Amino acid sequence: MTAIGPDVAAHAIALRREIHRQPELGFEEEKTAALVERELDALGIEHRRVAGTGVVGVVRGALPGRVAGLRADMDALPLTERSGESFSSEVPGKMHACGHDAHTAMLLGAARVLQAEREHLHGSAVLLFQPAEEGPGGALPMIEAGAMDDPVIDAVVMLHVDPRLDTGTVGFIPGACNAAADEFHVTIEGRGGHGASPHTAIDAIPCAAATVLALQNIAAREIDPLKTIVVTIGTIEGGYRNNIIADRVTMSGTFRSQDDAIRRGLEARARRIVEGVAAAYGATGSLEVIYGYPAVINDATLAVTFREYMTAHSRIPVLSPPPTMGGEDFAYFAQRVPGLLIRHGIRSEAAGSVHPGHSPQFRVDEASLAYGIETLVTFARGVGLGVVHGSPSLP
Ligand SMILES: [Zn+2]
Ligand SMILES: [Zn+2]
């Protein structure tokens with residue numbers, strides 16, 4: 001059971017379905033932002049636009065206290081829905097397959113509860129409705145537009161739906177809870193020729209094969225085995241037909257890492273391998289790295305104080321799920337003030353919410369929304385009181 005009333009939960013579910021039917025990709029969230037503004041207007045909550053389709057609302061408590069930032073992302077994915085839900089996407093090729101519709105609806109539910117109790121509320125809650133989490137990233141543009149500055153946020157939280165955790169539970173851990181996600185591109189240039197005369201050409205294909213295997217050596221032999229990294233080659237393209245020697249192969253992949261020093265060293269390690277293997281084959285190799293979101297680091301003190309506060313003031317079990325190697329641009333909020341990424345349990349065999357995020361069959365157990373709303377509300381209350389706080393910038 002949660003302490004959230006059935007009316008609040010039912011309204012959040014209705015909003016979630018409305019958002020789910022009209023998914024919008026990053027920085028195109030016009031309908032979603034308008035829905036958020038419509039709901040905040042109905043609640044009498046002040047709000048402003050930032051970064052195009054971002055919306056910042058402020059619930060001002062009547063009593064003095066600190067300021068909690070509550071963040072929800074709003075964007076969908078370029079995917080055709082096959083969930084079988086009655087309220088499936090009405091937009092071909094777009095789907096809320098990562099649960100951001102539920103995140104937005106839960107934050108609106110929390111806004112409703114906090115606004116209703118503002119006469120007794122310590123501090124304020126800043127509602128951060130963020131565009132483009134799936135890329136190119138809306139967190140930094142929101143921060144640069146002053147989303148954390150008026151009022152100044154003391155601690156920030158987000159929920160992300162997680163089908164590993166059962167409905168009715170939430171979970172978080174201190175420290176790195178996901179990974180930096182960086183993209184890389186490799187180009188290998190040889191010299192083309194006849195497939196029957198390899199000695200007259202420089203074949204880019206065996207060089208590419210050797211490069212793929214050698215890049216795995218970074219994870220297997222070059223990094224402390226107690227540190228976690230991933231090197232994945234996702235695409236490989238090259239060649240023309242069976243009897244032509246390929247003059248060129250291109251590959252792309254992703255690096256995932258949690259430790260910042262290791263992350264900063266990956267590009268040089270990969271370049272040494274790409275250029276060195278190519279040289280050994282008489283070809284040339286080049287590498288380009290496109291840096292993405294850093295890892296989310298949950299503030300250790302915030303994690304401890306919020307776990308204690310949740311245990312005292314809520315009946316929702318707080319679990320400690322292991323980290324993932326996914327990426328999340330909430331990291332930028334959590335770099336500036338103590339932050340907490342909370343995994344929000346949605347798993348239910350009965351509701352069919354067992355598929356991973358980004359699957360066309362992805363479902364959210366809507367019974368979970370009340371628990372997420374209660375978690376956000378509890379965070380805002382605890383931060384407002386100063387009982388839930390991070391370190392070292394907060395006492
Ligand atoms: Zn996602
Ligand atoms: Zn997501």
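Remember, predicted model here, so these are calculated numbers, not experimental data.
- At least one side-chain heavy atom of P151 sits under 4.5 Å from a side-chain heavy atom of R60.
- Checked by atom type and distance alone, the side chain of E24 pairs as donor or acceptor with a backbone atom of E30 at under 3.5 Å.
- A cation-pi arrangement is present between R307 and F172 under the rule of less than 6.0 angstrom and at most 45 degrees off the ring axis.
- Under a 3.5 Å cut-off, the side chain of S197 and the backbone N or O of H194 do not form any donor-acceptor pair.
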Discussion item. One pair to check against salt bridge (charged side-chain N to carboxylate O under 4.0 Å, His left out): R17 and E85. What are the steps and the verdict?
Written reply: CA-CA 10 Å; R17 292 183 178 194; E85 295 279 29; over 6 Å; no
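- S89 contributes a side-chain N or O that, together with a main-chain N or O of K94, makes up a donor-acceptor pair within less than 3.5 Å.
- A distance of 6.0 Å separates CD1 in I342 from OG1 in T375, rounded to the nearest 0.5 Å.
- Between P163 and I346, the closest side-chain pair of non-hydrogen atoms falls below 4.5 Å.
- Distance check, rounded to the nearest 0.5 Å: CG of L369 to CE of M106 gives 5.0 Å.
- Under the 3.5 Å distance criterion, with hydrogens and angles disregarded, a donor-acceptor pair is assigned to the side chains of S252 and T235.
- In this structure, T104 contributes its side chain and D73 its backbone to a donor-acceptor pair below 3.5 Å.
- S353 places a side-chain N or O within donor-acceptor distance of the main-chain N or O of S348, the cut-off being under 3.5 Å.
- Residues T254 and R256 bring a donor and an acceptor atom of their side chains to less than 3.5 Å of each other.
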Output a table of donor-acceptor pairs, distance under 3.5 Å, between side-chain atoms of residues 276-295 and any protein atom two or more places apart or on a different chain; print 'none' if there are none.
residue: Y291; atom: OH; partner: E267; partner atom: OE1; Å: 2.7
residue: Y293; atom: OH; partner: E133; partner atom: O; Å: 2.7
residue: Y293; atom: OH; partner: G137; partner atom: N; Å: 3.3

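- Panel note: side chain H185, backbone T250; no donor-acceptor pair is recorded below 3.5 Å.
- Judged by distance alone, the side chain of D154 and the main-chain N or O of V67 form a donor-acceptor pair under 3.5 Å.
- Side-chain atoms of H122 come within 3.5 Å of backbone atoms of P64 as a donor-acceptor pair (strictly under, hydrogens ignored).
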Discussion item. Please determine whether side-chain contact (heavy atoms from CB on, under 4.5 Å) holds for the pair I153 and L128, giving the CA-CA distance in whole Å, both sets of side-chain angles, and the decisive distance to 0.1 Å.
Written reply: CA-CA 11 Å; I153 292 172; L128 301 159; 4.0 Å; yes
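- Checked options I173, L341, N178; the residue passing with P323 is I173 (criterion: side chain to side chain contact (heavy atoms under 4.5 Å, CB included)).
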Practice prompt. Verify side-chain contact (heavy atoms from CB on, under 4.5 Å) between T200 and I245, making sure each step is shown before the conclusion.
Written response: CA-CA 10 Å; T200 65; I245 287 175; 6.0 Å; no
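- Using a 4.5 Å heavy-atom threshold, the side chains of D299 and L340 count as separate.
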Item to complete: In sequence, state the C-alpha distance, the side-chain angles, and the governing distance for L376 and L159, and then conclude on side-chain contact (heavy atoms from CB on, under 4.5 Å).
Response: CA-CA 8 Å; L376 292 171; L159 299 178; 3.8 Å; yes
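- To the nearest 0.5 Å, atom CD1 of residue I218 and atom OG of residue S257 are 11.5 Å apart.
- Scanning both residues, D247 and R191, for their nearest heavy atoms gives CB-C, 3.9 Å.
- Checked by atom type and distance alone, the side chain of T305 pairs as donor or acceptor with a backbone atom of H389 at under 3.5 Å.
- Although no hydrogens or angles enter the test, the distance criterion places a donor-acceptor pair under 3.5 Å between the side chain of R49 and the main chain of G52.
- Listed by first and then second residue, the side chain to side chain donor-acceptor pair (under 3.5 Å) pairs that reach into residues 108-118 are H11-R112, E117-R381, sequence neighbours excluded.
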Practice prompt. Let me see the working for F306 and T378 under side-chain contact (heavy atoms from CB on, under 4.5 Å), right down to the final yes or no.
Written response: CA-CA 9 Å; F306 185 55; T378 305; 4.1 Å; yes
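- When all heavy atoms are compared, the tightest approach of Q361 to R82 is CG-O, 3.6 Å.
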